[in-house]
Amino acid sequence: MSTDASGRADERPISLETDQVDGAGAARSIALLCVLAVTASYVSVLYGITQVVGGSLSLIALVAAMLVGATVLARLIRPWTAAALALAAAGIGFGYYLTSAGVDPSVVITAADTIVSDTVALATGLPLLQMVQVGIWTLGFAPAPVFLSWYLAMRGRYGLGVVPGGAALGFLVLTGDAGMLVTVTGTLAAIGAIAAGELERHGGSIQQADLLAALFALAVVLSLSVTVVPGQPAAPTHLAQGEPGTLEATLDTAPRQSGIAGAVDLSPAVRFTVESDQRSYWRTGVYDRFTGDGWVRTGRSSRYDEPLTSPPGSGETVEQTITAETKLGVMPVAPQPITLDGDVTRRTTVSRHGQPRPDTPLSAGERYTVMSSVVDPDPAALRTAGTDYPDSVTDRYLQLPESTSSEFRSQTAEITANAQNPYETAVAIERHLESSKDYSLSVTKPDGNVAEAFTTEMEAGYCVYFATAMTQMLRAEGVPARYVTGYTSGQQIDDETYVVRGLDAHAWVEVYFPEHGWVRFDPTPGESRDAVHTGRLEQARNDGSENVDTAESDDVPVSDEASAPTGTEPGEQPEPDPNETTDPDDPNESTPVTQGNETNETPSNPATDTSGGDSITDGSLVTITRETAALGLVALVGLAAGARRTDAATRLRRKLGLYWHGRRRDPDRDVERAFARLERLLARQYRPRRRSESARAYLHALSTAANAADSTPDKTPIDARAERVVDYYERAIYGTGVSRAEADEAIAIVDELARDRLPVVGRCTATADSQHLRSQ
Amino acid sequence: MTDTNSTGDARTEPTAAGDHLEIPAVERLCADIEANVSRVIVGHEDVIEHVVIALLGRGHVLLDDVPGVGKTMLARSVATSVDCSFSRIQFTPDLLPTDVTGVNVFNQQTREFEFQPGPVFGNIVLGDEINRAPPKTQAALLEAMEEEQVTTDGQTRTLPTPFTVIATQNAVEPNRTYDLPFAEVDRFMKKLRLGYPEPDEEADLLGRTVGDHPIESLEPVTDRETLVAARETVSRVQVAQPVREYVTRLAADTREHAHIGVSPRGTISLLRAAQARAAADGREYVLPDDVQTEAPVVMSHRIKTADRDRDGDAIVADALERVPIE
């Protein structure tokens with residue numbers, strides 16, 4: 001005995017020590033991995049930004065350099081020195097950003113309030129992509145948190161190390177750039193780093209992490225069921241018009257960005273009426289930065305202060321009076337607006353692109369007047385406009401996501417091979433898109449770069465896809481272009497009045513020509529678009545929907561203006577004029593052409609709309625997004641950990657084991673298990689066996705108690721067969737063992753007793769079984 | 001662990017008969033003896049059973065009670081039932097060891113010393129009021145009990161088989177008795193108490209003593225050889241590892257909670273008693289239940305407590321309540 005004890009005493013410290021080393025080592029690796037994951041979470045957001053605006057290689061190099069530097073310096077310098085270094089790095093980064101943004105760094109002192117308000121704007125949901133020099137901002141932002149957090153983590157200060165990374169991630173969450181997946185990953189990693197650090201410090205076992213995992217999952221799932229990240233409204237709350245899922249809602253999801261959706265619906269409700277002596281597209285938004293799956297407007301908007309900059313070159317002044325027919329969150333104008341008049345101008349902001357927008361929606365009936373200078377481009381003049389673009393235009397309107405493939409570029413080059421000048425390039429691209437793609441509202445949004453996917457893979461799309469693709473193709477060819485949203489002219493009900501409905505929502509392209517300004521191009525195939533849109537309107541009228549017509553518009557057939565749907569083919573004309581360019585020029589001439597584009601066409605495919613609706617439902621049912629999958633994974637891991645913690649597997653096995661014996665092996669062990677099941681059955685019905693109570697004494701005690709208390713109906717007397725199981729059990733454990741047949745009998749008895757305890761169905765079968773047995 | 005090994009040794013111990021019975025025969029035998037003894041002793045079925053089981057388990061019994069409750073009658077009727085030689089030693093303060101073991105007497109005719117066997121040379125020996133004799137005399141009996149042999153004048157003589165001592169101890173008159181040394185009490189397998197009969201039993205008892213005393217007409221139900229064979233069977237009753245461990249745990253528990261706990265000899269006795277009980281119950285193997293039934297009478301008198309309020313009985317009861325079976 002004594003030798004045994006001393007032997008154990010010798011072993012114990014050794015085994016304990018190795019355990020500890022293992023646990024601590026694992027905890028340290030996990031903590032470091034978690035800190036890396038925090039870093040990766042916000043760096044991935046920054047990387048996504050640089051993917052759009054360029055500079056991703058620089059960012060990666062910078063982050064890698066910071067990680068290496070922190071690893072090396074972790075052993076060399078003291079924390080305060082490191083903090084100072086990080087601050088210096090941040091300072092240099094932002095100084096560089098300010099310089100390249102055209103701001104003298106000294107402005108930091110003089111214009112501190114502007115910077116503060118900028119920061120506040122960012123922190124309250126202004127996406128980073130709306131910053132003009134966001135690429136450089138990214139490079140300035142990244143180094144400090146990366147360096148500091150990795151430096152601290154390498155020194156074993158995981159909790160502190162998470163702080164800079166967490167702050168960076170938190171900032172990106174506030175700007176709305178960090179998506180749910182990234183936020184969840186970063187947060188979990190931060191908690192994980194702190195927890196693993198604690199485990200390491202206290203020499204805890206990694207086995208204890210199951211509780212942690214369960215709590216993680218609980219936190220994540222609970223928080224996601226209530227969380228609202230600022231600046232990411234789920235529905236376009238700012239815009240009263242446009243129900244979710246409609247084309248309008250897609251176009252104007254948020255004040256500063258325009259999304260690209262999959263299948264969309266059309267709303268036939270009337271939005272506004274325009275009194276104008278000229279037909280035009282009514283522009284509501286201008287976007288310059290393409291993120292790959294949406295459009296963003298960069299730069300700050302300023303309060304309306306007339307007059308706005310008028311476009312260069314000759315322009316015809318057109319006056320429009322617009323009356324909102326519903327709540328209206330946008331201000332449709334004919335480009336380019338110069339002066340605005342009306343109550344709404346007091347709460348109007350104007351973007352850098354010259355597009356006004358109301359701070360609060362216009363109410364129904366509210367009206368305003370706009371004086372626009374409509375560009376008057378003569379194709380011949382546009383051909384000779386040259387490429388002498390000002391820097392302010394090339395800086396902004398030639399942006400392509402970094403990921404744009406060479407395939408896309410070469411395809412564009414092929415399409416425009418014969419073009420001699422930007423105008424011909426634009427016409428070539430427009431024609432190519434009009435002729436090669438079909439119009440359909442029921443499309444599935446592709447992953448990745450939408451412009452690229454549309455040109456290379458998709459067969460059909462709607463205006464958003466056409467306009468996005470054309471803008472990107474033009475930019476690939478070095479022609480400044482921007483993406484514009486708004487409404488087409490609408491239904492003309494008399495000489496000067498146009499009724500514009502939700503289904504007139506549209507997206508098109510503006511191309512910059514020196515000396516002329518922005519000229520409209522519309523690559524969407526007009527005929528098929530009108531077919532779909534008119535069909536929707538007629539359907540709505542037949543359904544008797546409200547708000548489909550104004551007092552006058554229902555008298556006028558939708559298609560009456562389109563009574564002469566002459567071919568839209570501009571090739572008939574002496575010069576290959578894009579109809580858009582001629583449209584504002586001379587409405588009388590171009591009316592049929594424009595109409596062809598806008599509202600007219602025989603409703604050839606009335607099913608399109610419903611099929612669009614169907615595909616939305618299908619898609620939402622079948623599609624599992626990455627976020628859902630990640631959330632599910634987290635929940636699953638949490639459940640598994642929780643189950644491990646609560647021994648649910650063992651419990652389940654026991655519960656099942658009550659009714660099912662399982663695989664049979666050695667007769668003795670089978671009887672032992674059968675008795676264990678019997679014991680659990682009895683424990684459930686009467687009381688558990690005390691540990692010092694023998695099987696026989698237990699059964700005897702229960703029988704006595706049951707017989708004594710026969711007044712209680714649920715305490716039925718112990719089945720005599722139970723005693724047989726006990727006999728077999730005693731023999732198996734203490735005696736000479738049992739035969740196979742006896743073991744099977746014991747199992748059968750317990751099976752039957754267990755079924756007796758089941759609800760009605762089980763009881764019936766059990767009775768049948770026992771009768772069967774008896775008859776045998 | 002060594003405790004259980006020695007039961008294995010006990011199993012291989014040669015016996016006079018060298019034969020053994022089947023388990024059902026042992027069960028029947030026990031029932032017969034008990035029924036027979038019950039003709040004389042009214043009530044006290046459990047005590048009768050304990051005595052019979054001790055007889056089969058090669059143990060000795062100490063009856064600790066007031067005079068006149070039938071101790072001697074019990075011993076006599078058991079001896080008669082199994083058709084064994086019965087002798088009785090009345091312990092008195094002046095009793096000498098040779099009065100128990102026997103003496104060498106000089107035979108004038110053969111001119112040699114001849115051994116005159118004492119009363120201890122019987123199959124069933126009743127040591128009456130054993131605590132009245134001084135320790136030296138008690139020791140003579142106790143040596144015989146433990147060794148089943150007697151040594152006089154350097155010569156060792158084996159006692160007959162079976163050899164079972166049923167001793168009584170007077171619980172009254174403590175001033176005129178010599179308490180049995182603790183080590184010697186340990187040699188009794190069981191310490192039993194008869195107690196007064198129930199009122200109706202006593203009436204029955206009185207009715208039986210009218211006329212001939214039933215002990216006079218008591219017939220044996222078996223013979224000595226059968227008893228020896230039954231004892232051999234009992235020693236072969238299987239004791240599984242879990243039961244041995246349970247017994248060990250019980251003993252360890254008493255050692256933990258008392259001043260002096262149950263000795264290894266006590267655990268051997270407990271196992272033997274359990275074996276005998278299993279056989280009497282018709283089983284070839286010992287159950288924890290057997291151990292639990294025997295533990296109070298086998299263990300209690302081997303325990304010495306520092307606390308006056310808690311005697312051995314309480315310690316054993318606690319242990320049975322506390323120690324898990326498996």
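Below, chains carry the letters A, B, ... as their sequence lines are ordered, and counting in each starts from 1. None of the values given here were measured: they were computed from a predicted structure.
Few gaps surround CZ on B/F182; more than 12 heavy atoms of other groups in view lie less than 6.0 Å from it. Atom NE2 of B/H257 has more than 12 heavy atoms from other residues, nucleotides or ligands within 6.0 Å.
With respect to B/D65 and B/R193, no salt bridge is recorded, no charged nitrogen being found less than 4.0 Å from a carboxylate O.
For B/E321, the parts lying near chain A are the backbone and the side chain together; criterion is any non-hydrogen pair under 4.5 Å. Residue contact with chain B, scored on non-hydrogen atoms closer than 4.5 Å, involves the backbone and the side chain of A/R731 alike.
Most heavy-atom pairs under 4.5 Å with chain A: of the set B/L287, B/V323, B/V291, this distinction falls to B/L287.
Side-chain contact check for A/E742 and A/S739: at least one donor-acceptor pair (N or O, by modelled atom type) lies under 3.5 Å.
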